[in-house]
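Read the numbers this way: they start at 1 and go in the same order the structure lists the ligands and their atoms.
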Amino acid sequence: MKKGNKYGTHRVIEPKGVLPQPAVKVDNDFTEIYDNEILVDVDILNIDSASFTQIKEQADGDTDKIKEIILEIVSKQGKMKNPVTGSGGMFIGTVLKIGEALEGKRDLKVGDKIASLVSLSLTPLKIEKIISIKKDVDQVKVKAKAILFESGIYSKLPDDMPDALSLAVLDVCGAPAQTARLVKSGDTVVVIGASGKSGVLCCYEAKRRAGINGRVIGIVSRDETLKTLKALDICDDVIKLDATDAISCYEEILKLTNGELADVVINNVNIQNTEMGSILMCKERGVVYFFSMATSFTKAALGAEGIGKDVDMIVGNGYALDHAEITLNILREDKTIRDLYERLYA
Ligand code: NAP
């Protein structure tokens, strides 16, 4: 077997010298695998929400066109990295081969079912066929193969929940894990996109950390999701606002917090132009956590400077230690959230 690089640089075709994530094209020929790779037979791709929303818009919601766009991206780049949003997603599948350099170093054997916990934006992928698309939950059933590099993290699929449910929550498991670190007892926390897949998990974790003296305010943008989130009873307040309307967001949260604003703002939306609303709702020296992949670093940094707001802004690293277990445990602890997620995603 050929020797591979830990981070997968051996599969980068263009431009040379970069890592697989920023690469424009990676090698997705799996006839022979490298000695430190894991080859996986892929069942379902969970396309990142910002990416799938953009593709759906480009395709005017047409399923065949969505399929075409996905196949074109993967055939051009050898991976599923949306050229507009730059984001990927993750997959579930069954281990087909494990490189000899990894033998005895992984708690994994051929035939195990796993979820990738690294982005599809860096994962070599070859799609033979798209079988079906669940447009409402961003999931694409495929006949495909993918490679996990030596540095690529994964999670064995738990046997106490359906695979599609694990796939859905593992896609966003960095968010509740980071929320657990950022929110302190007594904090006022605003979660934008609070009714979404990552939003609900963040609200739950924020409430647990903020405690009875803290307050969690969930922002949704539709009447339907307002009702759903209220019924979950994980937020102190649920309000309907358009997160792109920065001034309305600011005024509403200013009123609701008696002029205090939020200690922590968590952004879980899947659309652009919500940076200023997030920053304005946060108090001086507070923290804004941008989990959303539709976030613009330029808009956030220059926008905060432009209004003279001294806040710490955190980039939503998809990885945090024990993020998969923390997130799966939320579903094990809270039956109402689990029931909702089974209904929506499984
Ligand atoms: P999701 O389930 O699709 O939820 C998106 C949310 O955005 C919905 O709750 C929706 O609320 C809200 N939203 C849309 N337009 C809005 C508006 N104008 N005002 C207020 N809220 C609005 O998405 P997800 O899977 O949780 O993902 C959330 C974000 O995280 C996406 O940007 C995704 O790309 C990103 N992500 C990041 C990472 C990472 O590693 N950092 C990993 C995975 C995903 P309503 O339903 O009420 O309209």
Side-chain angles (χ1 to χ4, degrees), residues 21 45-57 80-82 84-91 115-122 134-139 153 165 167-179 190-205 217-230 232 235 238-246 248-249 252-253 265-278 281 289-297 313-320 323-324 327 330 337 340-341 344-345:
Q21 207 283 336
L45 302 173
N46 192 104
I47 307 290
D48 167 72
S49 177
S51 169
F52 199 74
T53 304
Q54 185 280 322
I55 292 171
K56 246 188 328 198
E57 270 171 27
M80 182 54 213
K81 181 180 179 186
N82 181 316
V84 181
T85 63
S87 56
M90 33 92 70
F91 69 74
S116 66
L117 295 177
V118 281
S119 174
L120 286 177
S121 65
L122 63 89
K134 278 192 186 170
K135 276 194 285 190
D136 46 341
V137 292
D138 318 337
Q139 290 184 1
I153 46 173
L165 178 63
L167 174 73
V169 295
L170 288 173
D171 174 41
V172 295
C173 62
Q178 290 286 357
T179 299
V190 169
V191 180
I192 318 171
S195 58
K197 200 166 42 174
S198 56
V200 166
L201 300 168
C202 287
C203 290
Y204 179 85
E205 195 58 45
I217 305 168
I219 296 181
V220 296
S221 77
R222 294 179 292 136
D223 290 328
E224 193 191 327
T225 46
L226 183 90
K227 228 169 102 192
T228 313
L229 189 59
K230 275 190 172 166
L232 285 179
C235 294
V238 180
I239 49 175
K240 190 179 118 181
L241 281 169
D242 177 0
T244 62
D245 183 348
S248 296
C249 287
E252 199 60 40
I253 295 301
V265 175
I266 301 173
N267 185 320
N268 297 97
V269 301
N270 54 5
I271 50 150
Q272 295 186 356
N273 298 319
T274 62
E275 294 82 359
M276 287 318 292
S278 308
M281 289 188 282
Y289 172 42
F290 286 110
F291 186 69
S292 166
M293 282 291 164
T295 306
S296 152
F297 177 82
M313 292 189 274
I314 306 213
V315 174
N317 181 350
Y319 174 68
H323 60 345
T327 304
I330 295 178
I337 295 180
L340 174 74
Y341 277 45
L344 293 177
Y345 308 111

Item checked: Numbering as shown, the atoms of ligand 1 that approach V220 to under 4.0 Å (heavy-atom distance) -> 47 (O)
Check: Among all protein non-hydrogen atoms, which one is nearest to atom 34 (O) of ligand 1, and what is the separation to 0.1 Å?
Finding: D48 OD1, 2.4 Å
Notebook entry, point to check: For the side chain of T327 and the backbone of L170, is there at least one donor-acceptor N/O pair under 3.5 Å apart?
Noted result: no
Notebook entry, point to check: Could you walk me through whether E252 and I219 pass the side-chain contact (heavy atoms from CB on, under 4.5 Å) check?
Noted result: CA-CA 11 Å; E252 199 60 40; I219 296 181; over 6 Å; no
Margin query: By the definition side chain to side chain contact (heavy atoms under 4.5 Å, CB included), identify the one residue from I314, N267, V265, V315 that meets it with Y289.
Written below: I314
Next item on the list: Select the closest option to atom 40 (O) of ligand 1 among G318, S121, G174, judged by heavy-atom distance.
Entry: G318
Checklist line | For S198, the ligand 1 atoms whose distance to one of its heavy atoms is below 4.0 Å | finding: 24 (P), 26 (O), 27 (O), 28 (C)
Next item on the list: Can you measure from OG1 (T228) to CG (L344) and round to the nearest 0.5 angstrom?
Entry: 8.0 Å
Item checked: Residue, atom name and distance, where the atom is the protein heavy atom closest to atom 46 (O) of ligand 1 -> R222 NH2, 2.9 Å
Checklist line | C173 SG to L117 CG distance, which is reported to the nearest 0.5 Å | finding: 5.5 Å
Notebook entry, point to check: Among protein heavy atoms, which lies nearest atom 3 (O) of ligand 1, and at what distance?
Noted result: S49 OG, 2.8 Å
Checklist line | Side-chain (S195) to main-chain (T225) donor-acceptor, under 3.5 angstrom | finding: no
Check: Quick one: nearest non-hydrogen protein atom to atom 41 (N) of ligand 1, plus distance?
Finding: G316 O, 2.7 Å
Check: Hey, which atoms in ligand 1 end up nearer than 4.0 Å to a heavy atom of M293?
Finding: 32 (O), 34 (O), 35 (C), 36 (N), 37 (C), 38 (C), 39 (C), 40 (O), 41 (N)
Checklist line | N or O contact, D138 vs ligand 1, cut-off under 3.5 Å | finding: no
Note to self: Keeping Y345 on the side-chain end and L167 on the backbone end, is there a donor-acceptor pair under 3.5 Å?
What the structure shows: no
Note to self: Assess, by modelled atom type and distance only, whether the side chains of N268 and S198 contain a donor and an acceptor separated by less than 3.5 Å.
What the structure shows: yes
Note to self: For atom 14 (C) of ligand 1, tell me which residue out of N270, T295, L117, V269 has the closest non-hydrogen atom.
What the structure shows: N270
Note to self: To the nearest 0.5 Å, what is the distance between CG on L232 and SG on C203?
What the structure shows: 9.0 Å
Check: When you measure from atom 45 (P) of ligand 1 to each heavy atom in A194, C202, S221, G196, which option holds the nearest one?
Finding: S221
Notebook entry, point to check: Any N or O of N317 that comes nearer than 3.5 Å to an N or O of ligand 1?
Noted result: no
Notebook entry, point to check: Would you say V172 has any N or O atom under 3.5 Å from an N or O of ligand 1, going by distance alone?
Noted result: no
Margin query: Pair L120, L45 - check side-chain contact (heavy atoms from CB on, under 4.5 Å), show working.
Written below: CA-CA 9 Å; L120 286 177; L45 302 173; 4.1 Å; yes
Note to self: Distance under 4.0 Å to a non-hydrogen atom of A50: what atoms of ligand 1 satisfy this?
What the structure shows: 32 (O), 33 (C), 34 (O)
Note to self: More than 12 heavy atoms of other residues, nucleotides or ligands under 6.0 Å from OH of Y319: yes or no?
What the structure shows: yes
Check: Which of the numbered atoms in ligand 1 are below 4.0 angstrom from a heavy atom of A243?
Finding: 17 (C), 18 (N), 19 (N), 20 (C)
Item checked: Distance from atom 25 (O) of ligand 1 to nearest protein heavy atom, with residue and atom -> K197 CE, 3.3 Å
Notebook entry, point to check: Counting both backbone and side chain atoms, is some N or O of F291 under 3.5 Å from an N or O of ligand 1?
Noted result: yes
Note to self: Walk me through whether T85 and D48 qualify under side chain to side chain donor-acceptor pair (under 3.5 Å).
What the structure shows: CA-CA 10 Å; T85 63; D48 167 72; 4.9 Å; no
Check: How about M313 and T295: do any of their side-chain heavy atoms sit closer than 4.5 Å?
Finding: no
Next item on the list: Identify the protein heavy atom lying closest to atom 18 (N) of ligand 1, giving its residue, its atom name and the separation to 0.1 Å.
Entry: D242 OD1, 2.9 Å
Next item on the list: Do me a favour and list the nearest non-hydrogen protein atom to atom 11 (O) of ligand 1 with residue, atom name and distance?
Entry: S195 OG, 3.6 Å
Item checked: Closest candidate by heavy atom, reference atom 43 (C) of ligand 1, pool D171, L241, I271 -> D171
Notebook entry, point to check: When you measure from atom 47 (O) of ligand 1 to every protein heavy atom, which one gives the shortest distance, and what is it?
Noted result: T225 OG1, 2.6 Å
